[in-house]
There are 2 protein chains.
Amino acid sequence: MLKYQQIAFEIEKYIEDNSLQQGEKLPVLETLMKQFEVSKSTITKSLELLEKKGVVFQVRGSGIFVRRHKRKGYMSLLSNQGFKSDLEDFHVSSKVIELELRKPTQEAANNLNLTLDDDVYYVKRVRYINGQTLCFEESYYNKSIVTYLNEEIVSESIFHYIREGLGLKVGFSDIFLHVDKLNKEEAEYLGLEAGAPKLYVETIFHLTNGSPFDFSKVTYNYQQSQFFIQATNHLL
Amino acid sequence: MLKYQQIAFEIEKYIEDNSLQQGEKLPVLETLMKQFEVSKSTITKSLELLEKKGVVFQVRGSGIFVRRHKRKGYMSLLSNQGFKSDLEDFHVSSKVIELELRKPTQEAANNLNLTLDDDVYYVKRVRYINGQTLCFEESYYNKSIVTYLNEEIVSESIFHYIREGLGLKVGFSDIFLHVDKLNKEEAEYLGLEAGAPKLYVETIFHLTNGSPFDFSKVTYNYQQSQFFIQATNHLL
DNA sequence: CATTATAATTATACCGGTACAATATTTCAA
DNA sequence: TTGAAATATTGTACCGGTATAATTATAATG
């Protein structure tokens with residue numbers, strides 16, 4: 001692990017362990033420099049990372065402060081890791097409806113930069129949270145990147161397998177969402193009535209090298225889906 | 001404007017003007033250094049900024065590439081600037097239902113770190129996009145920060161006024177959202193039927209110094225609200 | 001005592017450098 | 001021609017420094 005990541009990790013841990021509240025001040029840069037015995041730019045990098053994660057905010061001339069959102073029951077929309085890591089507290093489980101190696105739909109091919117001849121793993125699941133239906137999910141994985149999937153992997157965390165098992169590095173993702181009414185199939189899977197509200201989210205996941213490897217379409221049970229996002233102003 | 005912002009701006013302009021497509025390669029760091037006559041770290045900073053904005057992605061050992069999402073009709077959820085800037089293409093207008101200096105609700109006070117004795121501007125609007133209802137919005141502004149509002153300001157872009165008129169610097173924001181069914185009042189304002197789906201978004205806007213100055217509750221017309229988010233993996 | 005000017009604190013911009021890790025290209029052997 | 005090994009390319013980590021902008025604390029002033 002890199003120095004600046006390690007330091008960011010320790011600072012975050014320090015905040016958690018001492019349960020510092022929103023607005024509380026952290027030691028100043030110079031103190032942190034000495035404490036961790038690294039240069040200013042390394043500390044700065046650590047703090048930038050924590051700022052991106054929404055853990056702290058910095059004010060020139062003033063200091064470094066704890067940023068804390070945290071409403072209970074909300075989950076992050078931006079975890080580009082599937083869920084798992086977000087929802088450790090919550091108990092998320094999956095029921096696999098379908099797992100098949102097949103040709104992509106036109107839509108999937110477009111979003112994954114594939115032709116209709118290429119191979120994709122198609123995964124259809126229903127996910128549960130604390131016994132309730134959370135979402136209904138259809139995913140297409142580019143077979144030339146995600147070379148293998150099986151029932152066991154798919155019923156656990158696919159992303160964990162992608163990172164640890166396959167050694168792939170997940171980079172950025174493009175997320176598109178809208179609200180609509182449940183159709184019959186979705187309602188069926190979620191145990192709701194057709195016509196009830198849904199949050200529909202399409203995500204295209206990319207590796208750090210920019211290759212899209214997963215196109216997924218998720219329909220959320222509106223009763224279970226409360227999300228939060230932490231935004232930071234990249235002005236200009 | 002700072003050097004690295006200026007450079008970021010020019011690079012982005014270059015991409016737009018030459019309408020570079022997703023995956024196209026930009027000049028390498030050293031070329032950019034020479035071209036803009038700045039040090040490596042400044043160029044790096046520019047590119048970090050563009051990476052945050054979702055304009056480019058960088059691959060070590062390979063290069064700097066254009067990242068392009070852009071589906072038409074989707075608007076960014078993360079614009080912590082109200083809308084306006086996002087939706088320049090779209091025509092957004094507002095009808096002010098109510099504008100009043102009053103005491104905050106308990107909820108507003110909590111989210112703005114105020115007491116029930118403090119003053120807030122309360123703004124209630126319906127916003128339209130291309131003639132259709134886009135959303136119904138209730139906002140509370142901390143009077144001690146946003147010292148003045150009037151009908152004219154509120155019917156235009158409040159955030160533009162906050163930045164330009166008041167010289168305040170908008171920093172980060174916490175966003176909470178869920179999906180539900182429209183109640184009677186909301187349905188009325190949006191011209192939909194009660195029980196129809198809604199996207200409900202609460203946002204707490206902060207200045208760069210961390211002070212929350214605006215708590216807003218927005219209910220979107222599900223037919224008009226398609227959003228995108230560009231996420232980047234701050235691992236660890 | 002309140003206001004203003006001055007100084008100290010603190011994060012950020014920017015420079016220029018070395019080392020290194022990930023990727024791409026070329027070379028060479030089989 | 002294929003594949004592996006060597007080399008070049010390219011972005012990132014990290015160092016250490018100076019200067020500056022925003023804020024906070026202190027001193028001076030009326």
Side-chain angles (χ1 to χ4, degrees), chain A residues 1-9 11 23-52 56-67 145 167-172 206-211 232-236, chain B residues 1-9 11 23-52 56-67 145 167-172 206-211 232-236:
Chain A
M1 171 133 52
L2 297 168
K3 272 192 192 179
Y4 82 94
Q5 292 177 323
Q6 180 63 41
I7 291 169
F9 181 78
I11 293 175
E24 283 201 68
K25 197 174 175 183
L26 292 175
V28 301
L29 263 182
E30 198 163 332
T31 309
L32 294 170
M33 277 172 66
K34 287 175 183 161
Q35 195 168 323
F36 290 103
E37 294 179 308
V38 292
S39 75
K40 177 160 27 180
S41 56
T42 302
I43 291 290
T44 302
K45 201 117 204 298
S46 304
L47 293 169
E48 267 171 25
L49 184 57
L50 291 175
E51 207 160 31
K52 275 192 218 167
V56 304
F57 64 93
Q58 301 183 71
V59 185
R60 171 189 285 210
S62 182
I64 304 155
F65 304 90
V66 175
R67 175 176 173 189
I145 297 175
L168 297 172
K169 274 167 290 180
V170 178
F172 56 91
H206 306 257
L207 299 179
T208 50
N209 72 10
S211 311
T232 311
N233 208 355
H234 16 275
L235 338 132
L236 169 141
Chain B
M1 173 137 48
L2 297 168
K3 271 191 192 178
Y4 81 94
Q5 291 177 324
Q6 180 63 39
I7 292 169
F9 180 79
I11 293 175
E24 282 201 70
K25 197 175 175 181
L26 292 174
V28 301
L29 262 181
E30 199 163 332
T31 308
L32 293 171
M33 277 173 65
K34 286 175 184 160
Q35 195 168 321
F36 290 103
E37 295 179 306
V38 291
S39 76
K40 176 157 33 176
S41 57
T42 302
I43 291 290
T44 301
K45 200 119 205 297
S46 304
L47 292 169
E48 267 172 25
L49 183 56
L50 291 175
E51 206 161 32
K52 275 193 216 166
V56 304
F57 65 94
Q58 301 183 72
V59 185
R60 170 188 288 208
S62 182
I64 305 156
F65 304 91
V66 175
R67 174 176 172 189
I145 297 175
L168 297 172
K169 276 167 290 183
V170 178
F172 55 91
H206 305 256
L207 299 179
T208 50
N209 72 9
S211 311
T232 311
N233 208 354
H234 15 275
L235 337 132
L236 168 138

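A, B, ... follow the sequence lines: proteins, then strands. Residue 1 opens every chain.
Put simply, CG on A:Leu32 is 8 Å from P on C:dA11, counting in whole angstrom units.
A:Ser62 has a side-chain polar atom (N or O) that falls below the 4.0 Å cut-off from OP1 or OP2 of D:dT24. A sub-4.0 Å separation between OP1 or OP2 of D:dC14 and a side-chain N or O of A:Lys45 is absent. For the OP1/OP2 pair of C:dA13 and a distance below 4.0 Å, the side-chain nitrogens and oxygens of B:Ser41 include no atom meeting the criterion. In terms of phosphate contacts, B:Thr42 brings a side-chain nitrogen or oxygen within less than 4.0 Å of OP1 or OP2 of C:dC15.
Of the candidate nucleotides C:dA13, D:dC15, D:dT12, D:dT12 has the atom nearest to the side chain of B:Gln58. Comparing D:dC15, D:dA21, D:dT23 by their nearest atom to the side chain of A:Val59 picks out D:dT23. Side-chain proximity of B:Lys40 to the nucleotides D:dT24, C:dC14, C:dT18 is greatest for C:dT18. Among the nucleotides C:dT10, C:dC15, D:dA22, the one closest to the side chain of B:Lys3 is C:dC15.
One end of the helix from C:dC1-D:dG30 to C:dA30-D:dT1 points its axis 10° away from the other end's axis, with each axis taken from 5 pairs and the angle rounded to 10°.
Residue B:Ile64 is classed as a sugar-phosphate contact, given heavy-atom separations below 4.0 Å to backbone atoms only. At the heavy-atom level, B:Leu29 lies under 4.0 Å from base atoms of the strands shown.
For the pair B:Thr232 and B:Glu51, the tightest heavy-atom approach, listed with the atom from each and the gap, is OG1-O, 4.2 Å. Across every non-hydrogen atom of B:Gln58 and B:Glu48, the tightest pair is NE2-N, 4.2 Å.
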